[in-house]
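Please read the structure below before turning to the comments.
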There are 2 protein chains.
Amino acid sequence: MSDEQTVFIVDDDAAVRESLALLLEASGFTIAQYETGNAFLEALSADSTGCLIIDVRMPGLSGLEVQKRLVDRNATLPVIIMTGHGDLPMAVKAMKAGAVDFLEKPFDLAGLTESVTNALNKSAENLLEANQAAEIGRRLARLTERERQVLDELVIGNLNKVIAFNLSISPRTVEIHRAHAMEKMQARNLAHLVRLAITAGVVPNISAAD
Amino acid sequence: MSDEQTVFIVDDDAAVRESLALLLEASGFTIAQYETGNAFLEALSADSTGCLIIDVRMPGLSGLEVQKRLVDRNATLPVIIMTGHGDLPMAVKAMKAGAVDFLEKPFDLAGLTESVTNALNKSAENLLEANQAAEIGRRLARLTERERQVLDELVIGNLNKVIAFNLSISPRTVEIHRAHAMEKMQARNLAHLVRLAITAGVVPNISAAD
DNA sequence: AATACGCTACGTAGTTACCCTCATTTTAAA
DNA sequence: TTTAAAATGAGGGTAACTACGTAGCGTATT
């Protein structure tokens, strides 16, 4: 996992790619260019970080379709959509689908670098959160069935003996699973465990409910 | 706090307002019309629910400005922006500012009712969450200084004696504040308390950190 | 001025809950 | 058959909850 962020440029028009690349490289960004959405998607690895600048209208996959593929793939790469002529419905669609910004050709340098900088910042944030969630997910995955059941009951706040009753096992056994779960989750205490569980989405956190 | 959702329509053009209102009323929506952003903002009460359909270009406050006022006011009303002629930069700006949708005049009925329905659903969700958060906030507000300090330490997972040391009071006193905090927060147990605290934003929930 | 109330603070004592060590049995997978 | 997970028990120590009392301090009410 490198810290290096790349600006991925996808456009079927080589002239557009080149001029974009030149502008951005001059501003110190690292660039990768692709002619088609497919070429980009194939080249993209799971640990790529940065942002994507992509044309909406292209032969093959459209920008919107590529964006959709990224979402399906669980990639958190921020997407900047390019469009030649103000195409409002498409812009709205792209924004709803999570595009972080929109560029109208021809673009001005100031707006471009600002957009890219914002996107890269967002990418860095995403990466942090994703890493956190992934790490907690890995720990969760190491729990056995029973340990996981006990964890679920713990974050609800059930006592050992209640958990024992619910799972039809002895309180002693619950203690053991509990200790194992705490160890595997690397939770320092119950409060910490609950926070980890919420971050991992194990429980819906909203709960004033009586 | 009524369950009734209202579609607020703001446009300086009476003809547009009327036709929109007719269309939407025919579909069973409750409508309120305003000629200017200011008139709408003044009429809007804190417990109004529904959505706002507003023109971008108007004398006085623009749609974007009204949107901004809503955000400043902490109103969670979903905003649908209307525009006469595909104005891309404005659309992007509005979406970034949190508009849920975009309508191009002239609008077709199908798209319109769908947009409004989505916006109203979102409004209902927002309301639920806002109510939850507000309720927890009210409980938090009833805590005394000390109780709040103890709560902060509790959600970190500190033991009573550690809390006692940190606050330079006796463990016995911590116990008392702890009990009061639990009672005022209506927390059934420590796990519940931690979840309430996270929902209220007392602690950053992300925390695999060692 | 007197009284009441709430917040803070502390102690003792009994009870429950939790955690750990030592030790054993069953079961299912490798 | 070896190994890992699961299950359980006895016993002891620590932490937490509850109940009952004491006490100073500031504010509001009478």
Side-chain angles (χ1 to χ4, degrees), chain A residues 136-198 200 202-203 207-210, chain B residues 135-198 200 202-203 207-208 210:
Chain A
I136 298 176
R138 274 192 294 279
R139 293 180 194 172
L140 265 181
R142 292 210 312 272
L143 298 183
T144 66
E145 176 78 14
R146 273 302 199 210
E147 285 160 2
R148 175 54 192 268
Q149 290 171 341
V150 169
L151 182 142
D152 287 342
E153 300 252 352
L154 278 178
V155 297
I156 294 172
N158 285 344
L159 299 178
N160 282 351
K161 57 182 179 181
V162 175
I163 300 174
F165 177 79
N166 290 342
L167 301 183
S168 304
I169 53 181
S170 91
R172 181 71 248 276
T173 309
V174 173
E175 270 182 30
I176 299 210
H177 292 315
R178 178 174 184 151
H180 287 162
M182 294 284 287
E183 191 186 351
K184 287 185 181 175
M185 294 302 292
Q186 295 173 42
R188 287 182 289 273
N189 47 57
L190 182 61
H192 191 193
L193 184 72
V194 172
R195 279 155 62 197
L196 290 173
I198 291 176
V202 174
V203 231
S207 52
D210 287 33
Chain B
E135 169 59 22
I136 299 176
R138 274 192 294 276
R139 294 181 193 171
L140 265 180
R142 293 211 311 273
L143 298 184
T144 66
E145 177 78 14
R146 273 301 199 212
E147 286 161 358
R148 175 54 192 268
Q149 290 170 341
V150 169
L151 182 142
D152 287 342
E153 301 249 356
L154 278 179
V155 298
I156 293 173
N158 285 344
L159 298 179
N160 283 350
K161 58 181 179 182
V162 175
I163 300 174
F165 177 80
N166 290 343
L167 301 183
S168 304
I169 55 181
S170 93
R172 180 70 247 274
T173 308
V174 173
E175 268 181 29
I176 299 200
H177 292 314
R178 178 174 184 152
H180 287 162
M182 295 282 288
E183 192 186 353
K184 287 185 181 175
M185 294 302 292
Q186 295 173 43
R188 286 182 289 273
N189 47 57
L190 182 60
H192 191 193
L193 184 72
V194 172
R195 281 155 61 197
L196 290 172
I198 291 177
V202 173
V203 231
S207 52
D210 288 31

(Q) Working to the nearest 0.5 angstrom, can you tell me the gap between A:Ile136 CD1 and A:Leu196 CG? (A) 5.0 Å

Q. Testing B:Met185, B:Gln149, B:His180 for side chain to side chain contact (heavy atoms under 4.5 Å, CB included) with B:Leu143, which one passes?
A. B:Met185

Q: With sequence neighbours excluded, tell me which residues meet side-chain hydrogen bond (donor to acceptor under 3.5 Å, both in side chains) with B:Arg142.
A: none

(Q) Show the nearest heavy-atom pair for residues B:Ala191 and A:Leu154, with the distance to one decimal. (A) CB-O, 3.7 Å

Q) Expressed in angstrom and rounded to an integer, what is the separation of B:Leu167 atom CG from C:dA9 atom P? A) 8 Å

Q.
Closer than 3.5 angstrom, by distance alone: can the side chain of B:Arg195 be matched with the main-chain N or O of A:Val155 as a donor-acceptor pair?
A. yes

Q) Is B:Thr144 touching bases, backbone alone, or none of the nucleic acid, heavy atoms closer than 4.0 Å? A) sugar-phosphate

Q) Are any non-hydrogen side-chain atoms of A:Glu175 and A:Arg178 less than 4.5 angstrom apart? A) no

Q: Write down the atom of B:Arg139, the atom of B:Glu135, and the distance for their closest heavy-atom approach.
A: NE-OE2, 2.8 Å

Q | Nucleotide range of DNA chain D lying under 4.0 Å from chain A heavy atoms | A | D:dA5 to D:dA10

Q) Does B:His180 have a side-chain nitrogen or oxygen under 4.0 Å from the phosphate oxygens OP1 or OP2 of C:dG6? A) no

Q: Please figure out whether B:Glu147 or B:Pro171 has its closest DNA chain C nucleotide nearer the 5' end.
A: B:Glu147

Q) If you look at every heavy atom in A:Ala181 and A:Glu147, which pair is closest and at what distance? A) CB-O, 4.2 Å

Q. How does each nucleotide of nucleotides 16-25 of chain C score, in 5' to 3' order, for protein heavy atoms under 4.0 Å: base (B), sugar-phosphate only (S), or none (-)?
A. -SSBBBB---

Q: In whole angstrom, give the distance that lies between atom CZ of B:Arg148 and atom P of C:dC7.
A: 16 Å

Q.
I need the full list of salt bridge (charged side-chain N to carboxylate O under 4.0 Å, His left out) pairs touching residues 151-165 of chain B, with sequence neighbours left out, sorted by first then second residue.
A. B:Arg148-B:Asp152

Q) Quantified as the angle between the terminal helix axes (five pairs each), what is the overall bend of the helix from C:dA1-D:dT30 to C:dA30-D:dT1 to 10 degrees? A) 40°

**Q.** With A:Ile169 via side chain to side chain contact (heavy atoms under 4.5 Å, CB included) - residues at least two apart
**A.** A:Arg146, A:Leu167, A:Thr173, A:Val174, A:His177

(Q) Restricting to non-hydrogen atoms, name the atom on B:Ala164 and the atom on B:Ser170 that form the minimum distance, rounded to 0.1 Å. (A) CB-C, 3.8 Å

